[in-house]
Amino acid sequence: MSRLKTIEWAGNAVRIVDQTCLPAKLCYEDITTVEVMFEAIRALRVRGAPAIGIAAGFGMYLAVREFPETGSVRDFLTLFEKNIDYLAGARPTAVNLSWALQRVKTRIAGLAEKETSASLKRAVFDEAQAMLEEDRASGRAIGEHGFGLLKDCETILTHCNAGGLATAEFGTALAPVYVAAERNKKLHVYSDETRPLLQGSRITAFELKAAGIPVTVLCDNAAASLLRKKTVDAVIVGADRIASNGDVANKIGTYGLALAARAAQVPFYVAAPLSTFDPSLATGNEIPIEERDDAEVTCGFGRRTAPEGVDVYNPAFDVTPHDLVTALITEKGVLRPPYGEAIRKALQG
Ligand code: MRU
């Protein structure tokens with residue numbers, strides 16, 4: 001099954017699928033400067049926690065690639081640090097962004113003393129490329145573990161987009177669906193529309209349809225009654241950040257879905273690579289939640305749907321407490337409660 005390349009190095013630029021064009025058009029954007037990369041992340045042209053991390057890694061290469069080959073390592077490091085701080089401010093919730101920047105930083109810190117600025121530049125590029133390839137492998141492994149968990153399911157429900165377009169290639173929540181399809185098992189996916197930016201209907205439905213997987217789109221407010229009817233075997237979503245105790249930040253609406261799944265006694269799974277875990281936070285209460293522009297709610301996609309000047313509450317994410325999560329699916333296997341211990345072990349080994 002050939003999948004879209006969400007993000008890749010295209011010789012002289014970072015090529016992304018511009019996700020704001022979907023589903024009407026499949027368009028690509030070639031990004032050549034760190035400023036445009038910052039804007040692409042902020043405007044959700046590239047989005048989804050793992051894809052944002054990879055974009056930040058390549059963004060760092062764009063930031064330093066014009067630095068003169070003969071320039072001093074000290075000047076290189078000044079430019080490097082400035083851009084680490086700059087990109088870290090693009091979006092606050094998905095920890096993959098700061099995780100990726102920290103990885104590039106650690107790689108450079110391990111080299112700086114003895115290298116030239118030319119070889120440091122190369123190292124930034126290699127680290128970004130390595131993160132992309134590792135994410136591809138993580139997606140596949142999550143898919144295998146998730147398939148084991150879902151093998152008796154016929155129908156699943158997901159929220160937002162945690163598919164190939166949110167990652168390097170394979171996805172997290174949708175990865176088990178793709179593995180199932182490779183093995184001739186077609187899971188039927190219900191995809192919440194996901195207000196206000198409609199990642200579920202614009203992006204999840206787009207990529208599943210392109211892959212020939214049956215998908216049904218529903219308004220977010222239809223999910224609870226669908227679950228109550230017992231027509232869904234499991235809910236599976238991605239994550240933007242998972243705290244040490246297993247609390248999960250994901251797209252706004254995930255918490256409500258988890259409550260509805262619990263009420264209907266439907267298992268609620270979260271699929272995420274270890275790069276989405278934040279061991280520095282004890283609980284989900286500490287996760288920074290991005291608040292986005294009022295216009296996304298009042299005038300989404302160019303049509304006014306609320307009166308001018310009305311007050312708006314528009315958090316992009318919410319936190320689902322760990323006790324509503326049946327299991328966490330990672331590239332290292334399926335983690336079960338109690339999560340504190342399971343997460344610590346997975347991150348160690
Ligand atoms: O605002 P978005 O579209 O970047 O939000 C994305 C999500 O909430 C995804 O579920 C999450 O990043 C996991 S992607 C594998």
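Both counts, for ligands and for their atoms, begin at 1 and track the order of listing. Start at 1 with the first residue, then count along the sequence.
Ligand 1 places these atoms under 4.0 Å from at least one heavy atom of F317: 1 (O), 5 (O), 8 (O). Counting the atoms of ligand 1 from 1 in the order shown, those under 4.0 Å from a heavy atom of A162 are 14 (S), 15 (C). Atom numbering of ligand 1 starts at 1 in the shown order; those under 4.0 Å from a heavy atom of A49 are 12 (O), 14 (S). Against a heavy-atom cut-off of under 4.0 Å, P50 is close to the following atoms of ligand 1: 14 (S), 15 (C).
The nearest protein atom to atom 7 (C) of ligand 1, hydrogens excluded, is given as D240 OD1, 3.3 Å; this is a heavy-atom distance. For atom 14 (S) of ligand 1, the nearest protein heavy atom (residue, atom name, distance) is A166 CB, 3.5 Å. The shortest contact between atom 4 (O) of ligand 1 and any protein heavy atom is with R91 NH1, 2.8 Å. Ranking protein heavy atoms by distance to atom 5 (O) of ligand 1, first place goes to K251 CE, 3.3 Å. Protein heavy atom nearest atom 10 (O) of ligand 1, with residue, atom name and distance: N250 OD1, 2.6 Å. Summary of contacts: the protein heavy atom closest to atom 13 (C) of ligand 1 is A239 O, 3.3 Å. Protein heavy atom in closest approach to atom 3 (O) of ligand 1: R47 NE, 2.5 Å. Ranking protein heavy atoms by distance to atom 15 (C) of ligand 1, first place goes to T172 OG1, 3.2 Å.
By the 4.0 Å N-to-carboxylate-O rule, K5 lies too far from E169 to be salt-bridged with it. Of the charged side-chain nitrogens involved, none lies within less than 4.0 Å of a carboxylate oxygen, so that K105 and E127 do not count as a salt-bridged pair. At a threshold of 4.0 Å, the pair R195-D220 does not count as salt-bridged, since none of the basic side-chain nitrogens sits closer than that to a carboxylate oxygen.
Using the six-membered ring where Trp is involved, F38 and Y86 have ring planes that are parallel, under 30° apart on the 30 and 60° scheme. A perpendicular orientation is assigned to the rings of H322 and Y339, their planes being inclined by more than 60° (bins at 30° and 60°). Ring geometry for F80 versus F76: interplanar angle under 30°, hence parallel rather than tilted (30 to 60°).
With R47 contributing its side chain and I41 its backbone, the two residues share no donor-acceptor pair below 3.5 Å.
In this structure, D85 places its CG atom where more than 12 heavy-atom neighbours from other residues, nucleotides or ligands lie under 6.0 Å away.
Atoms CG and OG, on L218 and S201 in that order, are 10.0 Å from each other to the nearest 0.5 Å.
Only side-chain heavy atoms of Q199 come within less than 4.0 Å of ligand 1; its backbone N, CA, C and O stay farther off. At a 4.0 Å heavy-atom cut-off, ligand 1 does not touch L197 at all. Contacts of C160 with ligand 1, taken as heavy-atom pairs under 4.0 Å, involve the side chain alone.
Judged by a 6.0 Å distance limit and a 45° cone about the ring axis, K121 is not positioned over the six-membered ring of Y61.
Residue contacts with ligand 1: G238 is placed with no nitrogen or oxygen under 3.5 Å of a nitrogen or oxygen of the ligand (distance criterion only).
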